[in-house]
There are 2 protein chains.
Amino acid sequence: MPTRAQHKTLNFIRHFIARHDCAPTLSEIAAGLGLRSKGSLHKHVQALAEAGYLKIRSGQQRGIELTRFAEQQLHSLPLLGRIAAGQPIEAIPGEDTLNLTEFLLGPDRFALRVTGDSMIDAGILDGDTVIVERRDTADDGAIVVALVDNGEATLKRLRKRGDRIELIPANTAYPPLIYPANRVQIQGVLVGQLRTYP
Amino acid sequence: MPTRAQHKTLNFIRHFIARHDCAPTLSEIAAGLGLRSKGSLHKHVQALAEAGYLKIRSGQQRGIELTRFAEQQLHSLPLLGRIAAGQPIEAIPGEDTLNLTEFLLGPDRFALRVTGDSMIDAGILDGDTVIVERRDTADDGAIVVALVDNGEATLKRLRKRGDRIELIPANTAYPPLIYPANRVQIQGVLVGQLRTYP
DNA sequence: CTTGACCGTTCTCCATTCGTTCTCTATCCT
DNA sequence: AGGATAGAGAACGAATGGAGAACGGTCAAG
C-alpha cells in the first residue's frame with residue numbers, strides 16, 4: 001500500500017509513459033510534481049519497485065518500467081456491453097476489455113485528420129481522425145486514400161470499372177470522380193476511425 | 001524501452017517510412033533530427049534493432065525495416081496531416097504524433113458497443129464503439145448515456161427544458177423522448193468514438 | 001566494366017545528463 | 001516527544017549522446 005507521495009509519483013509516471021512512450025527521469029518527475037530536488041524521489045521510486053508496481057533497470061537512465069499489470073491497465077478500457085435505443089445495456093459475453101493498442105495500431109499505419117464533409121454519409125465527419133494502412137491496392141468498395149495525377153490526395157470510396165476508377169464521395173451533394181486507372185494511385189486503405197467530443 | 005534519443009530516432013523513421021514508403025539513410029535521419037554527425041545515430045539504430053523495434057539488412061543502403069513489435073509497443077501513430085476532398089495532404093504544424101492512450105483513455109471511462117441506427121446523423125453507426133466518461137450531470141446538447149426509470153439505457157443527445165428532459169435521437173425517423181427530469185438518470189457523457197473497417 | 005558519389009560501419013574524444021548516495025531540515029501523526 | 005514521512009541540496013561516477021574522421025561496401029551512370 002503506497003504512501004501519498006508514492007501514489008502521486010506512480011500516477012505521474014503512468015501518465016508520463018502514456019504521453020511519451022518512454023519513462024521519465026527523476027528530475028522530470030520532480031519537476032512534474034513541483035519538487036526542487038530528487039533526493040527523496042529516489043526513495044519513493046525504490047519503494048514502489050519493492051512493492052511490485054515498478055521495475056527498475058538499475059543504473060540506466062530512464063530505467064523505470066511499469067509492471068505488466070499496471071501496463072495492461074494503462075491501455076485498456078472496460079467494455080461494459082452493448083447499448084441501443086430503448087434497450088438496457090447488455091453485457092457482451094467473453095469480451096470485457098477493450099485494448100486500444102490491439103484495436104487500432106498495426107504496422108504501416110498512419111493517421112490523418114479529415115476536413116470537409118464529403119464522406120458524411122459514411123459517418124466520417126469534419127474533424128475526425130482516420131487511420132490508414134499503407135497499401136497500393138484495395139478491394140472494390142473499400143474507402144481509400146487516393147492520389148490523382150500525383151497531386152491531390154482524397155478520401156473516397158473506391159469502385160473499379162474495368163480500366164476506369166471511380167472515387168465516390170459519401171455525400172449526395174458531391175459528384176463521383178471518374179478517372180482512367182493510370183491516373184489514380186492508391187496510397188492506403190481506411191482501417192479505423194476515431195473522434196473525440198469536447 | 002528506448003532512451004530518449006532512440007525514441008526520437010524511431011519516431012522519425014516511422015514518419016519517414018509513412019511518407020516516402022522507403023527507409024531513410026542515416027544522413028537523412030541525422031538531418032531530420034538536427035544532428036551534424038551520424039556516428040552516434042548508428043549506435044541508436046543498432047540498439048533499436050537489438051531491442052526488436054527494427055530489422056536491419058546489414059550493409060544494404062536504406063536497409064531499415066520496422067517490425068510489428070514497434071507499432072504495438074509504441075502507443076502512437078504518425079499523424080501525417082489533413083486530408084480533404086481535392087486537396088493534397090497538408091502537414092499539421094506542431095502536431096505530428098497521435099497518441100491513442102492520451103487521446104482516448106482517462107479515469108472513469110468505459111466503452112460500449114452501439115447497436116441500432118438512432119444516432120446515425122451524428123456519425124455514430126451500428127457497430128461503432130463509444131467511449132463514455134462516467135458522470136451524473138451533463139451540459140445541454142451533449143450526447144449522453146441515460147437511464148430512464150432505472151430500466152432502459154440509451155445513447156441520445158440531451159436537451160434540458162426546465163423540469164423536463166428531452167432525449168433526442170440523431171435520426172429523423174425516430175421521435176424525441178420527453179420525460180420529467182426525475183425519471184431520467186445520466187450515467188455518462190460521450191467523450192470518444194471509434195470504428196474499425198474490415 | 002569502371003568510376004565516383006553515396007552510404008553503412010567503426011573508432012576516438014568530449015560534454016552533458018542522470019541515477020545514486022549522503023547529510024541536514026521540515027512536517028505530520030499518534 | 002519521537003518516529004515516520006518528505007524535501008532540499010550537493011557531490012560523484014556511470015550512462016548517454018554528439019562531433020568528427022576514416023574506411024570499405026553498394027549502386028547506378030557512363
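Chain A is the first sequence line, chain B the second, and so forth, proteins listed ahead of strands; every chain is numbered from 1. Because only heavy atoms are used, hydrogens play no part in the values below, and waters and symmetry mates are left out as well, while side chains stay in.
- Nearest to the side chain of A:Arg36, among D:dG9, D:dG18, C:dT20, sits D:dG9.
- Between the CG atom of A:Leu33 and the C1' atom of D:dG7 there is a distance of 12 Å, given to the nearest Å.
- Among the atoms of the strands shown, base atoms are found under 4.0 Å from some heavy atom of B:Gly39.
- As rounded to whole Å, 17 Å separates atom C1' of D:dT5 from atom NE2 of A:His7.
- Proximity of B:Arg4 to the phosphate of D:dG17: no side-chain N or O atom is located under 4.0 Å from OP1 or OP2.
- Among C:dC18, D:dA6, D:dT16, the nucleotide with an atom closest to any side-chain atom of A:Gln60 is D:dT16.
- Between the side chain of B:His20 and the backbone N or O of B:Phe16 there is at least one donor-acceptor pair closer than 3.5 Å.
- The number of heavy atoms from other shown groups lying within 6.0 Å of CG (A:Asp140) is above 12.
- Side-chain N/O atoms of A:Ser58 include one lying less than 4.0 angstrom from OP1 or OP2 on C:dT20.
- The CG-C1' distance, from B:Leu41 to C:dG8, rounds to 12 Å in whole Å.
- Closest to the side chain of A:Gln61, out of C:dT9, D:dG18, C:dC18, is C:dC18.
- Under 4.0 angstrom from either OP1 or OP2 of D:dG17 there lies at least one side-chain N or O belonging to B:Thr3.
- A straight line from CD1 of B:Ile64 to C1' of C:dT9 spans 13 Å, rounded to a whole angstrom.
- The base of D:dG18 does not come close enough to the side chain of B:Ser37 for any donor and acceptor atom to sit less than 3.5 Å apart.
- Nearest to the side-chain atoms of B:Leu35 among the listed nucleotides C:dG8, C:dG19, D:dA19 stands D:dA19.
- A single hydrophobic cluster is not seen to contain both A:Leu125 and A:Ile143; linkage of ILVMFWY side chains at heavy-atom distances under 4.5 Å, directly or through other members, places them apart.
- Distance alone, capped at 3.5 Å, places no donor-acceptor pair between the B:Asp128 side chain and the B:Val114 backbone.
- With D:dG17, C:dC7, D:dA6 as the candidates, the nucleotide lying closest to the side chain of A:Ser40 is D:dA6.
- By the 4.0 Å N-to-carboxylate-O rule, A:Lys38 lies too far from A:Glu28 to be salt-bridged with it.
- Side-chain nitrogen and oxygen atoms of B:His42 include none within less than 4.0 Å of the OP1 or OP2 phosphate oxygen of C:dG8.
- Protein atom CD of A:Gln46 is 6 Å distant from nucleotide atom P of C:dT20, rounded to whole Å.
- Taking atom CZ on B:Arg62 and atom P on C:dG8, their separation rounds to 8 Å, with Å as the unit.
- Atom CZ in B:Arg57 sits about 15 Å away from atom P in C:dC7, given to the nearest Å.
- One interatomic measurement links the two molecules: CD of A:Gln6 to P of D:dA6, which rounds to 6 Å at whole-angstrom precision.
- When distances run from any side-chain atom of A:His44 to the nucleotides C:dT20, C:dT9, D:dG7, the shortest one goes to D:dG7.
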